[in-house]
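Below is one structure; the comments refer to it alone.
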Amino acid sequence: GCICTINKRVILNEMCMIILKVFRSKNKLVYFSLAKKYNTTPWYVYKLAHGKRVRITGVTHEILNELRDLNIIENIRV
């Protein structure tokens with residue numbers, strides 16, 4: 001198959017894994033409430049909390065600060 005098809009499958013698999021991890025997480029309510037507050041997705045908040053690569057937006061630092069204040073993350077590295 002085409003390399004594009006393979007890459008799409010890999011991305012979809014990664015997204016599915018993150019969605020499952022969000023729903024299994026003890027912090028899922030935090031992820032959902034922060035996502036709603038900052039008009040983003042719970043998966044984005046989860047990825048921030050777990051040090052995954054994300055696109056930096058105007059609210060990224062605010063979300064990170066709240067995660068730190070809630071003792072979900074220890075420190076912030078950008």
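Predicted model only: the values in this text are computed from it and were never measured.
Residues that satisfy the side-chain hydrogen bond (donor to acceptor under 3.5 Å, both in side chains) test with S33, not counting sequence neighbours, are absent from this structure. Under the side-chain hydrogen bond (donor to acceptor under 3.5 Å, both in side chains) criterion, T40 pairs with no residue, sequence neighbours left out.
Taking CD1 of I63 as the start and CD1 of I73 as the end, the distance is 10.5 Å to the nearest 0.5 Å. Atom CG of L34 is separated from atom CG of L48 by 9.5 Å, given to the nearest 0.5 angstrom. Taking CH2 of W43 as the reference point, atom CD1 of I19 lies at 5.0 Å (rounded to 0.5 Å).
Residue pairs meeting the side-chain hydrogen bond (donor to acceptor under 3.5 Å, both in side chains) criterion with at least one member in residues 66-75, sequence neighbours excluded, are K37-E66, Y38-E66, N65-R68. Applying the salt bridge (charged side-chain N to carboxylate O under 4.0 Å, His left out) test to every pair with at least one member in residues 47-56, sequence neighbours left out, gives no pairs at all.
In this model, a donor atom of one side chain and an acceptor atom of the other lie less than 3.5 Å apart for Y44 and T60.
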Donor-acceptor pairs are to be reported for all side-chain atoms of residues 25-32 against protein atoms at under 3.5 Å, with residues two or more places apart or in another chain.
| from | atom 1 | to | atom 2 | distance (Å) |
| --- | --- | --- | --- | --- |
| S25 | OG | N27 | N | 2.9 |
| K28 | NZ | F23 | O | 3.2 |
| Y31 | OH | H50 | NE2 | 3.3 |

(Q) Run the side-chain contact (heavy atoms from CB on, under 4.5 Å) test on V45 and L67 for me, step by step, so that the C-alpha distance in whole Å, both residues' side-chain angles and the decisive distance to 0.1 Å come before the verdict. (A) CA-CA 9 Å; V45 178; L67 289 168; 4.2 Å; yes
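The shortest non-hydrogen separation linking A35 to P42 is CB-N, 3.4 Å.
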